[in-house]
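Report on one structure; see the data block that follows.
Order of the sequence lines fixes the chain letters, A, B, ..., with proteins taken first and strands second; residue numbering starts at 1 for each chain.
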2 protein chains.
Amino acid sequence: MSYEDTISALADPTRRVIIDRLRSGPLAVGAIADGMPISRPAVSQHLRVLSDAGLLTVTPSGNRRLYAIAPDGVDELRRYLDTLWDDALAAFARAAEEKAKGNPT
Amino acid sequence: MSYEDTISALADPTRRVIIDRLRSGPLAVGAIADGMPISRPAVSQHLRVLSDAGLLTVTPSGNRRLYAIAPDGVDELRRYLDTLWDDALAAFARAAEEKAKGNPT
DNA sequence: ACGAATCGTAAGCAATGACTTACGGTAAGT
DNA sequence: ACTTACCGTAAGTCATTGCTTACGATTCGT
């Protein structure tokens with residue numbers, strides 16, 4: 001639910017592939033696992049991690065379960081990176097100023 | 001150098017603490033490790049990972065080495081999340097439309 | 001009602017990674 | 001010159017985690 005879980009969930013390459021497959025829309029587990037070099041249960045475990053991190057939503061549809069990307073989960077990590085970005089730029093500008101003051105050509 | 005390295009570098013909690021300590025400006029290794037529950041060599045190893053991922057820059061200053069956040073590295077991951085965010089929103093809207101069409105109250 | 005399909009979970013195993021201690025190398029202080 | 005301070009690297013250990021196989025539960029088709 002927090003951005004920490006989100007980023008650690010996205011750290012795994014296989015899970016990023018899963019996310020990529022869901023970019024165009026919701027898919028069932030079988031469709032996600034199809035063509036992947038790992039077993040279907042392994043995909044299920046990854047889907048579990050992604051869901052727990054708030055990156056995916058599940059909607060049971062009869063026999064199958066459709067997974068879809070949850071925009072809210074992505075946004076949480078996005079906001080963290082924005083604050084990091086702002087601080088990094090400010091620190092960078094400050095350091096450049098310090099250097100210009102201490103070493104005026 | 002790619003966003004994959006960036007995200008896997010940020011996945012570790014200790015490395016995020018290091019990043020947080022550098023938000024206000026560059027620091028030497030000793031200053032970063034000070035007060036941390038792990039040894040200084042462990043911090044050095046984390047700094048190495050963060051540098052390789054393009055998240056930190058190093059500037060040797062006499063006896064010490066100053067580490068600072070590299071805005072470019074943060075931006076790379078930010079852009080990835082932006083595209084993911086866009087696709088997620090589009091897929092979400094499309095799914096909502098499908099549902100409205102298939103199930104008109 | 002019965003068999004097939006879809007999916008989650010449990011247990012066990014191998015690989016990755018984070019930490020410690022020990023060491024070497026360079027710069028600063030006296 | 002010699003000692004001290006600062007830092008990176010190497011080797012080894014232990015926990016984490018991603019994978020497979022096996023199994024059980026629910027739903028669809030006939």
Whole-Å distance separating the [atom1] atom of [X] from the [atom2] atom of [N]:
| X | N | atom1 | atom2 | result |
| --- | --- | --- | --- | --- |
| A:Ile18 | C:dC7 | CD1 | P | 13 Å |
| A:Arg40 | D:dT20 | CZ | C1' | 12 Å |
| B:His46 | D:dT9 | NE2 | P | 15 Å |
| B:Arg48 | C:dG17 | CZ | P | 14 Å |
| B:Asn63 | D:dA5 | CG | P | 11 Å |
| B:Asp52 | D:dT9 | CG | P | 9 Å |
| B:Asp34 | D:dA5 | CG | P | 15 Å |
| B:Ile38 | D:dC14 | CD1 | P | 19 Å |

Considering just the side-chain nitrogens and oxygens of [X], establish if one lies under 4.0 Å of OP1 or OP2 belonging to [N].
| X | N | answer |
| --- | --- | --- |
| A:Arg65 | C:dG8 | yes |
| A:Tyr67 | C:dT6 | no |
| B:Ser44 | D:dC7 | no |

[X] side chain: which of [options] is closest?
| X | options | answer |
| --- | --- | --- |
| B:Thr14 | C:dC19, D:dC7, C:dC7 | C:dC19 |
| B:Pro41 | C:dA18, C:dC7, C:dT20 | C:dT20 |
| A:Ser39 | D:dG8, D:dT20, D:dC7 | D:dT20 |
| B:Gln45 | D:dA10, D:dT26, D:dC19 | D:dA10 |

Want to settle it: does A:Val49 or B:Val58 sit nearer the 5' end of DNA chain D, counting the closest nucleotide to each?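 With A:Val49 and B:Val58 compared, the 5'-side residue is B:Val58.
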Taking for each residue the nucleotide of DNA chain D with the nearest heavy atom, is it A:Ser61 or A:Ala42 whose nucleotide lies nearer the 5' end? A:Ala42
Could you check whether B:Arg79 pairs with B:Asp82 (Lys NZ or Arg NE/NH1/NH2 to Asp/Glu carboxylate O, under 4.0 Å)? no
Do A:Asp52 and A:Arg48 sit within salt-bridge range, that is, some charged N less than 4.0 Å from a carboxylate O?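 A salt bridge is present here (some side-chain N lies under 4.0 Å from a carboxylate O).
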I'd like to know whether CZ of A:Arg64 has more than 12 heavy-atom contacts from other residues, nucleotides or ligands below 6.0 angstrom.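 No - once you tally the heavy atoms of other residues, nucleotides and ligands closer than 6.0 Å, there are 12 at most.
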Check whether any side-chain heavy atom of A:Leu47 lies under 4.5 Å from a side-chain heavy atom of A:Arg65, and answer yes or no.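 They are not in contact (no side-chain heavy atoms under 4.5 Å apart), so the answer is no.
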Got a donor-acceptor contact below 3.5 angstrom from the A:Arg78 side chain to the B:Arg78 backbone?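 Pair absent, no side-chain N/O of A:Arg78 close to backbone of B:Arg78.
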Is a donor-acceptor contact shorter than 3.5 angstrom present between the side chain of A:Arg15 and the base of D:dG18? no
